[in-house]
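Please read all numbers here as calculations on a predicted model, not as lab measurements. Lettering of chains follows the sequences in order, A, B, ..., and the numbering in each one begins at 1.
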Protein chains: 2
Amino acid sequence: MTSTGRARRPTLEQVAAEAGVSRGTVSRVVNGSLEVSPRALKAVQEAIRKLGYVPNQAARSLVTRRSDTVLLVVSESEARVFSEPFFGSLVRGISQELSATPLQLNLMMASTARQHDRVEQLVRNGHVDGVVLISLHGDDPLPRNLAAAGSPVVLGGRPISDLGGVPYVDADNLAGAKSATEYLHRQGRRRIATITGPQDMAPGIDRLEGYRRALRGRRGGARLVAQGDFGQASGEVAMRELLAADPAVDAVFAASDLMAAGALRALRAAGRRVPDDVAVIGFDDSAVAQHTDPALTSVSQPVQRMGRELARLLVARIREPGTVLDPVVLPTELVVRESA
Amino acid sequence: MTSTGRARRPTLEQVAAEAGVSRGTVSRVVNGSLEVSPRALKAVQEAIRKLGYVPNQAARSLVTRRSDTVLLVVSESEARVFSEPFFGSLVRGISQELSATPLQLNLMMASTARQHDRVEQLVRNGHVDGVVLISLHGDDPLPRNLAAAGSPVVLGGRPISDLGGVPYVDADNLAGAKSATEYLHRQGRRRIATITGPQDMAPGIDRLEGYRRALRGRRGGARLVAQGDFGQASGEVAMRELLAADPAVDAVFAASDLMAAGALRALRAAGRRVPDDVAVIGFDDSAVAQHTDPALTSVSQPVQRMGRELARLLVARIREPGTVLDPVVLPTELVVRESA
DNA sequence: TTGAAAGCGCTAACAA
DNA sequence: TTGTTAGCGCTTTCAA
């Protein structure tokens, strides 16, 4: 049952013996202390190499009360996180940034309350040094609880209600939507509609606001607004509504690529050519954007960089628990393809 | 610098004091030993609850030499893993299965040799109890090395060359391709082409073989084969080649949705209607499949279940290092949409 | 600059 | 059935 099987790894003790010094000295070398004589340093390094010594994390953790582990909690159920390269790119960015630290990345799906409890337990018990939370739902109490427990926490995506002191990383949804809409206007489009995302989610709200600001004070204004839920079907329905409301609509900014793809279908069904009759822009620059016909012009988010920033903030929080960290809002970019 | 800050968690010792028993007894209760008197059991349980005790994993690990952690290694660079819901669903399946065990899931990207070394080190050093490897490249030595080091390893996806004894989980690519092709045949299609994936990857090979078997002995046979690389552009090119080779082609099975999407574009450009003139089937049932126009009929893989099986095999390997585990090949399903 | 020694919190072997 | 005890491998004072 013990089933250890594997040969025992060399310990500090053995390295010390090999190098002819004490455990303390080896420990100092391993942890990069400066108060070690060049001679001892060299002897220890050689012994380490010779023995193939690697520190035992559990032992270290036991005494330092650090775990050198950060937890990525995906509070999903919102399928979006998992579709699209979003999740993967984010993880990649986080890993990238963490690879320069001793921190390991742990992953946990936690949508139910029970799973959230488990996260809190892990944190409280010192099994993780910090938490990255992504894909939060409306007023999820998890980040607040974690922060209250004194745990370093950072959020992927702006929380809908302000969580004083908990930093977040987000794409500049507002500016992205604004620039997409302005682009349409510059192309000479004058009846620019939008298909919004859910208005109880930050990206939904911000992207609508960006559209509004772009058209503020412009002739025609921002009146052609149809509600969607980020999903393709809702985009199709919304586009039909828009066409009914104003048959002369000549452009539409959709708050997601899926909705834009839906709009494309509705437009084709209505006999409108894209982009000739109606220009379409999506948001996310997802895989879908590249594979619709015509390919979607879309607002791209620097997802991988968002991951890196998340990790950077978290590391800062762990290292300097006191300091106030500002949210990071990263610029988006309009990727022009065929649809607008 | 110590920055512990957090209040110390209660220890076994304190629970023992509170319950009026010894540490040993508390340990037995915590670890579910049966040799504990009902009275002691109750007292300990109460003390645990009262104090909010949670075992310190580091301390436990130190003595048991188990880490209760499994590592998911994404040997990426092949972007596919990250696009599509693939990665997310897989992780979800793995998490799901592990949630019934004390095992935590760790994640690591490792494409470079240096990163592979780190994986081996983690394993050798007992920091992880087992490894799930996905997205392996051709003849990556990592699984062999890990297995040789005595570490439990399971593979996501059939390795291209047999790794004696290392179990894997895969979708039944061959059967999926075969049934898609047969479906086309049943629909009365008689000039059925295929666009293959790279022939140095198991899915590429298997899906071509499935196509071949479906048409073996049938009139026309399996002669309309064009090479692709799973990417959309290659699918578009391949479709043009096929049209040139046989303008009367009336169906095409593409080994990926992206290639199928490319084929769709080429067909539209050539003035062919889908599915009227040419039926198209893709593979993966990815997001793209749902958003092309017409929507793609596609072969779906039970990705989440693959994740669960992966975890199941790994747990079995960890618990019973000796036993031989067979590969698990899961059935695919043809999802019929508009394109065929 | 170094060594010695005291734990970190836990499991498991042994004795009672 | 229970208590006692010896470590697990490491970091970190404290003295030297």
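- Here the nucleotide nearest the side chain of B:S37, chosen from D:dG3, C:dG3, D:dT1, is D:dT1.
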Are B:R312 and B:E97 close enough, and set up right, to give a salt bridge (charged side-chain N to carboxylate O under 4.0 Å, His left out), and what steps lead you there? CA-CA 7 Å; B:R312 197 180 56 71; B:E97 186 75 20; 5.6 Å; no
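- The side chain of A:L62 lies closest to C:dG9, out of C:dG9, C:dT2, D:dC10.
- A straight line from CD of B:Q14 to P of C:dG9 spans 8 Å, rounded to a whole angstrom.
- Residue A:T11 has its side chain nearest to D:dC10 when only D:dC10, D:dG3, C:dT11 are considered.
- Rounded to whole Å, the distance from NZ on B:K42 to P on D:dT1 is 18 Å.
- Rounded to whole angstrom, the span from the CG atom of B:N31 across to the P atom of C:dG9 amounts to 17 Å.
- Not one side-chain nitrogen or oxygen of B:T25 sits closer than 4.0 Å to the OP1 or OP2 atom of D:dT1.
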Given side-chain hydrogen bond (donor to acceptor under 3.5 Å, both in side chains), test B:N106 with B:T69 step by step and report yes or no. CA-CA 7 Å; B:N106 264 52; B:T69 294; 4.5 Å; no
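- Contacts between residues 43-59 of chain B and DNA chain C, counted as heavy-atom distances below 4.0 Å, involve B:Y53, B:P55, B:N56, B:A59.
- The two atoms that bring A:I94 and A:V132 nearest to each other are CD1-CG1, 4.4 Å, heavy atoms only.
- Within 4.0 Å of A:S27, counting heavy atoms only, lies at least one base atom of the nucleic acid.
- B:V21 comes within 4.0 angstrom of the backbone, heavy atoms only, and of no base.
- Side chain of A:T64 to backbone of A:R60: a donor-acceptor contact under 3.5 angstrom is found.
- Donor-acceptor pairing under 3.5 Å, judged by distance alone, is absent between the side chain of B:R65 and the base of D:dG9.
- Of the two residues near DNA chain D, B:V63 and B:L41, the one whose nearest nucleotide lies more 5' is B:L41.
- A distance-only check finds a donor-acceptor pair linking the side chain of A:D170 to the backbone of A:R158 [under 3.5 Å].
- Each of A:V36 and A:R23 was assigned the nucleotide of DNA chain C with the nearest heavy atom; the assignment lying further toward the 5' end belongs to A:V36.
- Side chain of A:R60, nearest nucleotide from C:dT11, D:dC10, D:dT2: D:dC10.
- C:dA5 atom C1' lies 14 Å from atom CG of A:L12, rounded to whole Å.
- Following rounding to the nearest Å, B:R39 (CZ) and D:dT1 (P) show an atom-to-atom distance of 14 Å.
- Partner B:E320 forms a side-chain contact (heavy atoms from CB on, under 4.5 Å) with one of B:I318, B:V324, B:T323 and no other, that one being B:T323.
- Among all heavy-atom pairs drawn from B:R144 and B:S161, the shortest one is NH2-OG, 4.1 Å.
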